[in-house]
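So the structure is just underneath, and the comments pick up after that.
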Protein chains: 2
Amino acid sequence: MKDGPDIALLGALIGNPARANMLTALMSGKALTASELAAEAGVTLQTASTHLAKLEHGGLVRQRKQGRHRYFALADDDVGGLLEGMMGLAVRKGHLRARTGPRDPALRKARVCYNHLAGELGVRLFDSLRRRGFLADDDGALALTAAGADFVRDFGLDPDALRDPRRALCRPCLDWSARRSHLAGALGTALLDRIYDLGWARRQEGTRVVDFTRRGEAAFNAAFPAD
Amino acid sequence: MKDGPDIALLGALIGNPARANMLTALMSGKALTASELAAEAGVTLQTASTHLAKLEHGGLVRQRKQGRHRYFALADDDVGGLLEGMMGLAVRKGHLRARTGPRDPALRKARVCYNHLAGELGVRLFDSLRRRGFLADDDGALALTAAGADFVRDFGLDPDALRDPRRALCRPCLDWSARRSHLAGALGTALLDRIYDLGWARRQEGTRVVDFTRRGEAAFNAAFPAD
DNA sequence: TTCATAGTTCGATCATAATCGAACCATCGA
DNA sequence: TCGATGGTTCGATTATGATCGAACTATGAA
């Protein structure tokens with residue numbers, strides 16, 4: 001009979017392999033249907049449905065009905081951040097799945113972290129923005145500077161349109177492979193979307209890998225120089 | 001048959017109520033014996049022993065034999081950080097234990113986060129150090145500046161002695177109650193120890209609460225002004 | 001030695017929750 | 001209206017793991 005936050009509930013939700021598989025799949029940022037998640041987790045649709053109900057009840061997942069489909073997604077950035085954090089600890093403690101395939105280096109280089117860019121390139125982007133003074137600490141939180149807003153505009157985005165009282169504009173997110181922060185929040189999401197729109201990269205189907213084209217990577221390096 | 005980090009193992013370890021209680025107890029930063037942890041979790045010594053073996057095997061806990069006692073502690077700062085992160089999400093999602101007692105406000109004000117100061121005062125300390133330029137971003141990581149080293153020396157600590165290649169000197173840690181970062185790492189630990197030594201505060205037995213004396217809090221406010 | 005305390009290991013029991021077949025509900029297309 | 005597809009709910013089965021008594025090991029004290 002203690003008080004305080006109960007981490008056992010969260011742990012139990014994530015601790016089931018089928019649910020962990022679903023959550024990992026949702027880290028791709030794409031909303032998936034119950035059937036897709038069932039296939040991803042290797043269970044039938046019935047069991048997937050009960051798992052999803054539990055995840056939703058626990059606040060880890062939210063669903064959006066669309067016709068006769070139900071699309072499931074992570075509830076918010078916080079959930080993505082926690083999962084990324086757990087992945088980081090799992091890697092450091094050696095808790096890896098059986099087969100570490102050829103995708104692994106690609107994952108370390110560039111992948112989506114729920115809805116923003118992670119991996120080496122994600123970290124580079126974040127560092128580059130900070131070093132050039134586009135992001136600054138504002139009383140403990142991360143803020144976009146005036147110069148940063150100009151940069152974002154030049155990049156083809158409207159910084160004012162990104163502001164949303166319910167969501168942080170810029171938020172650091174700890175990267176599991178690099179052990180460094182990359183950029184989350186509305187700006188992180190928008191920058192990744194813009195990178196897709198510019199044709200610099202696209203998602204590898206069914207994985208978290210972000211494939212940059214040769215020209216796209218060169219353009220990325222020019223836009224976000226390492227130093 | 002996927003690759004990548006397996007968060008289910010971690011989740012399952014944390015997802016058991018008895019183990020979650022033990023881990024929460026160890027967030028106090030004190031090393032505890034198996035018997036103490038058994039009492040804390042409300043199970044017999046036998047079951048506690050099996051739980052602790054699992055936690056150790058999973059890399060969340062390490063043990064140190066001392067005579068016929070075995071002292072258990074969290075394996076490292078990373079584990080503490082993850083648990084703090086889970087507590088934060090648990091609070092935001094409303095996963096609280098039954099009774100939220102009178103200790104709660106005290107916990108929000110000042111508590112230990114494994115081995116460093118968290119809560120409002122922890123956040124204030126961190127912000128104060130950063131605003132005065134004592135901590136700065138060094139290529140994505142947090143570094144102690146020259147001015148910061150002077151400050152630390154004035155505070156009665158030897159900054160050079162704190163450097164340890166195996167451990168970060170300064171690391172941000174997300175605070176569950178304030179949703180802002182406070183200071184972890186070797187410096188965070190040392191500062192809290194120094195605060196104890198100075199007699200400004202002491203640990204409330206059996207809880208994570210850090211009790212500041214009236215004079216201690218005044219001295220803390222003077223040393224780490226809010227602005 | 002001998003006894004006491006701290007902790008582990010084993011084995012049996014028990015509770016929980018994951019699983020899936022089957023039936024049911026909802027939406028879409030024709 | 002009717003079938004087809006996507007999803008949920010129900011019930012029975014099953015597997016996993018938490019639990020503790022009992023026996024055992026290890027350290028310390030007398």
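We use all heavy atoms of the structure for the numbers below, so side chains are in, but hydrogens, waters and symmetry mates are not.
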>> Is any side-chain heavy atom of B:Cys113 closer than 4.5 Å to one of B:Cys173?
In response: yes

> Do A:Ile195 and A:Arg202 come within less than 4.5 Å of each other through their side chains, counting heavy atoms only?
Replying inline: no

Using atom names, set out every protein N or O paired with an N or O of nucleotides 19-25 of chain D below 3.5 Å, distance rounded to 0.1 Å.
from, atom 1, to, atom 2, distance (Å)
D:dT19, OP2, B:His51, NE2, 2.5
D:dC20, OP2, B:Thr44, N, 3.2
D:dC20, OP2, B:Thr44, OG1, 3.2
D:dG21, N7, B:Gln46, NE2, 2.5

> B:Leu45 CG to C:dA4 P: how many Å, rounded?
Replying inline: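 For the pair B:Leu45 CG and C:dA4 P, the rounded distance is 18 Å.
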
> Under 4.0 Å between a side-chain N/O of A:Arg70 and OP1 or OP2 of C:dA26, yes or no?
Replying inline: no

> Where the side chain of A:Glu56 meets the backbone of A:Ala53, is there a donor-acceptor pair that is under 3.5 Å apart?
Replying inline: no

> So, A:Arg19 side chain and A:Ala12 main chain: donor-acceptor pair closer than 3.5 Å or not?
Replying inline: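 It does hold such a pair.
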
> Given D:dA18, C:dA6, D:dT8, which nucleotide is nearest the side-chain atoms of B:Ser35?
Replying inline: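 Of all the options, the side chain of B:Ser35 is nearest to C:dA6.
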
>> Of the options C:dT8, D:dG17, C:dA18, whose atoms approach the side-chain atoms of B:Lys54 most closely?
In response: D:dG17

> Roughly how bent is the helix from C:dT1-D:dA30 to C:dA30-D:dT1 end to end, in steps of 10 degrees, with each end axis from five pairs?
Replying inline: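 The helix from C:dT1-D:dA30 to C:dA30-D:dT1 shows an end-to-end axis angle of 20°.
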
> So, do A:Trp200 and A:Phe155 have ring centers that fall under 6.0 Å from each other?
Replying inline: yes

>> Working to the nearest 0.5 angstrom, can you tell me the gap between A:Ile7 CD1 and B:Leu83 CG?
In response: 5.0 Å

> Hey, what's the ring geometry for A:His182 with A:His116, parallel, tilted or perpendicular (30° and 60° as the breaks)?
Replying inline: tilted

>> With the threshold set at under 4.0 Å for non-hydrogen atoms, list the residues of residues 55-65 of chain A touching DNA chain C in residue-number order.
In response: none

